[in-house]
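Notes for the one structure printed next.
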Amino acid sequence: MKNNIPVIYWTFRYAWTFMHFVIVAAAATALFMWARADDHALRIWETSKTNVLDVQYRVSNVIPWPWAVDDNDSGGSSDSSSSYNDDGSGNVDSGGTLSIQVESNIHVRRKPTPDSKSIQVLDAGSWVEADCKVENGALVEKGPHGPSSRWDHIQGLGYVSDAYVPTVTDGLPSC
């Protein structure tokens with residue numbers, strides 16, 4: 001007896017604990033093997049990432065920027081591409097905005113110029129709403145969609161160069 005408890009109890013308890021450890025280790029091994037097979041883990045990761053980015057987009061549109069932005073400070077890095085993604089018509093929706101899905105990280109600027117401070121970097125996969133455009137902004141010469149002096153205003157944020165957005169934003173009104 002140990003602490004007035006029969007030895008059979010301790011034997012059973014240790015055996016039970018060992019069995020649980022073996023079962024949990026086998027289950028973890030099986031889960032790991034399943035996740036590696038046929039890219040299951042990658043698909044789960046991508047789905048989770050898309051859901052998190054969607055929540056991030058929705059929250060960022062509800063909460064205003066709590067800090068001031070100094071337009072004299074340059075952003076310092078370049079934008080990357082994004083793409084227009086809707087029903088394929090290229091038309092402005094009834095709310096007067098266009099939905100754009102960001103293909104890779106892209107800088108949102110305070111003013112329609114590459115020298116303006118970068119307010120935010122939109123993550124690849126996130127969705128934004130463009131509500132208007134500036135036709136004769138500062139020229140951006142390098143971009144996946146060619147040189148452009150058009151800038152699209154992202155609702156509630158700032159501007160992105162049309163050199164990084166497909167030109168289906170033609171339907172947007174002028175800012």
Side-chain angles (χ1 to χ4, degrees), residues 35-36 38-175:
R36 288 189 55 189
D38 299 327
D39 295 327
H40 288 108
L42 183 62
R43 286 189 301 222
I44 290 171
W45 172 255
E46 289 298 324
T47 302
S48 300
K49 181 180 165 187
T50 301
N51 292 339
V52 167
L53 290 174
D54 182 53
V55 169
Q56 177 187 9
Y57 164 72
R58 292 173 188 268
V59 170
S60 70
N61 281 339
V62 172
I63 301 172
W65 290 97
W67 55 86
V69 176
D70 179 11
D71 288 330
N72 296 325
D73 186 19
S74 67
S77 45
S78 65
D79 295 331
S80 295
S81 66
S82 65
S83 71
Y84 176 71
N85 190 357
D86 74 340
D87 63 359
S89 68
N91 296 325
V92 177
D93 71 8
S94 61
T97 63
L98 288 174
S99 295
I100 300 172
Q101 184 177 23
V102 177
E103 291 175 352
S104 61
N105 295 346
I106 184 171
H107 289 270
V108 178
R109 308 257 179 218
R110 179 78 171 134
K111 294 182 179 180
T113 171
D115 296 330
S116 181
K117 181 175 176 124
S118 175
I119 299 173
Q120 179 179 358
V121 177
L122 298 174
D123 293 326
S126 61
W127 286 86
V128 293
E129 298 289 324
D131 56 1
C132 63
K133 65 185 174 195
V134 173
E135 287 289 346
N136 295 314
L139 177 66
V140 175
E141 295 194 25
K142 295 182 181 177
H145 299 283
S148 178
S149 61
R150 178 186 295 169
W151 289 75
D152 300 317
H153 184 261
I154 304 303
Q155 192 172 24
L157 294 177
Y159 296 89
V160 294
S161 171
D162 212 46
Y164 296 93
V165 178
T167 56
V168 295
T169 58
D170 289 341
L172 286 173
S174 294
C175 292

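Heavy-atom basis, side chains included; hydrogens, waters and symmetry copies ignored. Along the sequence shown, residues carry numbers from 1.
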Query raised in the report: Does the pair Y159 and V108 meet the rule for a side-chain contact (heavy atoms from CB on, under 4.5 Å), with working shown?
Result: CA-CA 5 Å; Y159 296 89; V108 178; 5.9 Å; no
Query raised in the report: Step by step, would you call W151 with R109 a side-chain contact (heavy atoms from CB on, under 4.5 Å)?
Result: CA-CA 10 Å; W151 289 75; R109 308 257 179 218; 4.1 Å; yes
Query - Heavy-atom pair of closest approach, residues Q120 and L157 - result: OE1-CD2, 3.2 Å
Report task. For T113, enumerate each residue passing the side chain to side chain contact (heavy atoms under 4.5 Å, CB included) test, keeping only those at least two apart in sequence or located in another chain. Result -> K111, D115, S116, A138
**Report entry** Straight-line distance of L98 CG to D131 CG, nearest 0.5 Å
**Finding:** 9.5 Å
**Report entry** Heavy-atom closest pair, residues I119 and R110
**Finding:** CD1-CA, 3.3 Å
Query - Pairing residues for V121 by the side chain to side chain contact (heavy atoms under 4.5 Å, CB included) criterion, not counting sequence neighbours - result: N105, H107, S118
Report summary line: Here the pair of heavy atoms bringing H153 nearest to C175 is CB-SG, 3.8 Å
Query raised in the report: Between the side chains of E129 and S99, is a donor N or O closer than 3.5 angstrom to an acceptor N or O?
Result: yes
Query raised in the report: Is N51 atom CG crowded by more than 12 heavy atoms from other residues, nucleotides or ligands, each under 6.0 Å away?
Result: yes
Query raised in the report: Does the pair V140 and S148 meet the rule for a side-chain contact (heavy atoms from CB on, under 4.5 Å), with working shown?
Result: CA-CA 5 Å; V140 175; S148 178; 5.8 Å; no
Report summary line: Nearest heavy-atom approach of K133 to D152 is CB-OD1, 3.8 Å
